[in-house]
2 protein chains.
Amino acid sequence: MHKEHTLTKNQQIIFDLIDKSPEPMKAYSILFNVQKKGIKAPLQVYRALDKLVEIGKIHKIESRNAFIACHNSSCQVANATAFSICEICEKVTEISSVGLSKYLANFKDKDGMKYSKYNLEFFGLCKKCTLK
Amino acid sequence: MHKEHTLTKNQQIIFDLIDKSPEPMKAYSILFNVQKKGIKAPLQVYRALDKLVEIGKIHKIESRNAFIACHNSSCQVANATAFSICEICEKVTEISSVGLSKYLANFKDKDGMKYSKYNLEFFGLCKKCTLK
DNA sequence: TTTAAATTGTTATAATATAACATCATGTAA
DNA sequence: TTACATGATGTTATATTATAACAATTTAAA
Ligand SMILES: [Zn+2]
Ligand SMILES: [Zn+2]
Ligand SMILES: [Zn+2]
Ligand SMILES: [Zn+2]
């Protein structure tokens with residue numbers, strides 16, 4: 001479960017926008033959409049994004065340079081994330097699988113190294129795009 | 001195993017550079033390093049990088065916007081990649097684990113969707129940095 | 001209340017990546 | 001061999017993503 005953080009004004013504006021969006025949002029698209037609320041510069045957006053990622057309210061989809069709200073109580077403060085990405089329509093879904101997160105949290109490499117954090121992105125076709 | 005491709009001149013120059021590098025290389029650092037060999041523009045670099053990624057000779061480390069040569073015969077043409085990344089020294093290692101790749105290749109989400117491709121990035125401290 | 005830490009606002013700039021178009025090389029089919 | 005398709009190259013310009021630097025303000029502890 002996420003620790004509760006009181007979001008600041010900018011953070012709240014930007015989180016609300018991302019949270020309402022059905023698809024991941026890019027930083028400059030966010031900027032465009034919040035300019036009427038007084039957020040005028042890229043840095044204001046990036047600072048809010050950094051914080052929101054840090055506290056686990058949103059995640060960055062690295063392969064797309066885009067941000068999505070977290071709807072998964074099991075990804076502890078952004079330390080363990082998994083997504084499926086449709087290569088046609090670009091729909092992104094956060095994967096919530098106890099089996100997967102357990103497997104990855106316990107994964108040790110050859111040297112016995114254990115990792116504190118991971119990000120996994122699966123690519124394929126979503127249901128809708130498979131039928132086409 | 002990788003299908004053999006005959007690399008073109010630019011592709012070969014850029015692959016050789018990345019292959020020799022002990023750490024992932026960024027596009028503009030590559031550009032700087034190959035300018036004396038006649039590759040002068042970003043596009044020439046990005047085109048070679050795209051092709052090398054496509055045929056599986058190199059991989060992109062998405063969280064770092066950097067490129068590393070593949071030394072793992074089991075990642076079929078860039079479709080299934082896993083890396084460990086040290087958050088202090090930024091050392092990146094390609095993970096070669098039959099167990100992990102089998103697990104991920106067979107992973108199905110809630111909807112029974114199977115994925116054709118994935119990229120996994122683990123973060124933590126490498127051996128050297130753990131001892132410090 | 002004082003003081004440190006976090007957040008904000010602002011301008012400028014750095015770093016990463018692609019568009020558009022002309023040319024050249026290579027292989028394949030008529 | 002010629003004609004054609006395909007892929008690779010060269011080049012200029014531009015789009016997209018992200019951070020540096022610094023001043024001012026707000027917030028929350030000590
Ligand atoms: Zn999440
Ligand atoms: Zn789709
Ligand atoms: Zn590989
Ligand atoms: Zn390290």
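Letters A, B, ... mirror the listed sequences (proteins, then strands); counts begin at 1.
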N/O-N/O pairs, protein side and nucleotides 16-19 of chain C side, under 3.5 Å:
from, atom 1, to, atom 2, distance (Å)
C:dT16, OP1, B:Lys26, NZ, 2.4
C:dA17, OP1, B:Lys60, NZ, 2.7
C:dA17, OP1, B:Asn65, OD1, 3.4
C:dA17, OP2, B:Tyr46, OH, 3.1
C:dA17, N7, B:Tyr28, OH, 2.8
C:dA17, N6, B:Tyr28, OH, 3.2

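Residues B:Phe123 and B:Ile88 are members of separate hydrophobic clusters, defined by side-chain heavy-atom contacts under 4.5 angstrom among Ile, Leu, Val, Met, Phe, Trp and Tyr.
Between the A:Ser101 side chain and the A:Ser97 main chain, a donor and an acceptor come within less than 3.5 Å of each other. Of the possible polar contacts, none joining the A:Gln44 side chain to the A:Asn10 backbone as a donor-acceptor pair under 3.5 Å is found.
Regarding contacts with the backbone of D:dG10, every side-chain N or O of B:Lys40 stays at 4.0 angstrom or more from both OP1 and OP2. In this structure, B:Thr8 does not reach the D:dG7 phosphate: none of its side-chain N or O atoms is under 4.0 Å from OP1 or OP2. Applying the 4.0 Å criterion to OP1 and OP2 of D:dG10, one finds that B:Gln44 has a side-chain N or O inside that range.
The residues A:Lys117 and B:Glu87 are annotated as salt-bridged, a charged nitrogen and a carboxylate oxygen being separated by less than 4.0 angstrom.
Rounded to an integer number of Å, the gap from B:Leu7 CG to D:dT9 P is 10 Å. When the P atom of D:dT27 is taken as reference, atom NZ of A:Lys9 falls 11 Å away, rounded to whole Å. When the P atom of C:dA14 is taken as reference, atom CG of B:Leu31 falls 16 Å away, rounded to whole Å. Between the P atom of D:dT16 and the CZ atom of A:Phe32 lies a distance of 13 Å, rounded to the nearest Å. B:Asn10 places its CG atom 13 Å from the P atom of C:dA25, with the value rounded to the nearest Å. One interatomic measurement links the two molecules: CD1 of A:Ile30 to C1' of D:dT17, which rounds to 12 Å at whole-angstrom precision. Residue B:Ile13 contributes atom CD1, which lies 15 Å from atom P of D:dA8 at whole-angstrom precision. For the pair B:Gln11 CD and C:dT26 P, the computed distance is 13 Å after rounding to whole Å.
To the nearest 0.5 Å, atoms CE (B:Met25) and NZ (B:Lys20) are separated by 9.0 Å.
Using the six-membered ring where Trp is involved, A:Tyr115 and B:Phe122 have ring planes that are parallel, under 30° apart on the 30 and 60° scheme.
Donor-acceptor pairing under 3.5 Å, judged by distance alone, is present between the side chain of A:Arg47 and the base of C:dG9.
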Report the C-alpha separation of B:Thr93 and A:Asp109 in whole Å, then their side-chain angles, then the decisive distance to 0.1 Å, and conclude whether the side-chain contact (heavy atoms from CB on, under 4.5 Å) test is met. CA-CA 10 Å; B:Thr93 310; A:Asp109 72 10; over 6 Å; no

